[in-house]
Amino acid sequence: GYQLITAIALAYLLKLNKPIVIVAANISIAPMMPVIIYLSYITGGIFLGNKSGGVLSVSDTTFDFVKNNIIQYVAGSIIFGLILSVTLGLLVFLLLKFFRKTGKK
């Protein structure tokens, strides 16, 4: 919740487009959290060499499971976040470059 307040304040100070900042700051909305957590876990498994990936059910996720796989999740979340931010950053850069060229004609 505080990320939205911080994002709006920074958007105001840096004179950014506030609606776009609000949409971008809400990337971690509740329906996306299971997907983000799962992809972070899988990414950590890939980079740490663990073959324990696959589909997890709610009954599989016990406290012991979380305790035993926290390193995989944390490593995966950092790597997944970096990959996603670089990919989306390049995509936005290319889209802005393309649309700014077509808008100057």
*Asks:* According to a hydrophobic-cluster definition based on side-chain heavy atoms being under 4.5 Å apart (Ile, Leu, Val, Met, Phe, Trp, Tyr only), do Val21 and Leu14 belong together?
*Replies:*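 Yes, same cluster.
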*Asks:* Which pairs would a plain distance check flag for residues 84-99, meaning a side-chain donor or acceptor within less than 3.5 Å of a matching protein atom at least two apart in sequence or in another chain?
*Replies:*
residue: Ser85; atom: OG; partner: Gly81; partner atom: O; Å: 3.1
residue: Ser85; atom: OG; partner: Leu82; partner atom: O; Å: 3.0
residue: Thr87; atom: OG1; partner: Ile83; partner atom: O; Å: 2.7

*Asks:* With a sphere of 6.0 Å drawn around CD1 of Ile71, does it hold more than 12 non-hydrogen atoms of other residues, nucleotides or ligands?
*Replies:*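 Atom CD1 in Ile71 is not crowded, with 12 or fewer foreign heavy atoms closer than 6.0 Å.
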*Asks:* Going hydrophobic residue to hydrophobic residue with side-chain gaps under 4.5 angstrom, can you get from Ile78 over to Tyr73?
*Replies:*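 Yes, Ile78 connects to Tyr73 through the hydrophobic network.
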*Asks:* Side chains of Leu4 and Ile22: does their closest heavy-atom pair fall under 4.5 Å?
*Replies:* yes
*Asks:* Using side-chain heavy atoms (C-beta onward) and a distance below 4.5 Å, is Pro19 in contact with Val23?
*Replies:* no
*Asks:* Can you tell me how far the OG1 atom of Thr43 sits from the OH atom of Tyr38, to the nearest 0.5 Å?
*Replies:*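 Here the interatomic distance stands at 10.0 Å.
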*Asks:* Measuring from atom OG of Ser77 to atom CD1 of Ile37, what distance do you get when rounded to the nearest 0.5 angstrom?
*Replies:*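 CD1 of Ile37 is found 10.0 Å from OG of Ser77.
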*Asks:* Verify, without hydrogens or angle tests, whether Gln72 (side chain) and Gly44 (backbone) share a donor-acceptor contact under 3.5 angstrom.
*Replies:* no
*Asks:* Return the set of residues passing side chain to side chain contact (heavy atoms under 4.5 Å, CB included) with Ala75 (not counting sequence neighbours), or none when no residue passes.
*Replies:*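 Residues passing side chain to side chain contact (heavy atoms under 4.5 Å, CB included) with Ala75: Leu48.
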*Asks:* How many angstroms lie between atom CD1 of Ile36 and atom CG of Leu39, to the nearest 0.5 angstrom?
*Replies:* 8.5 Å
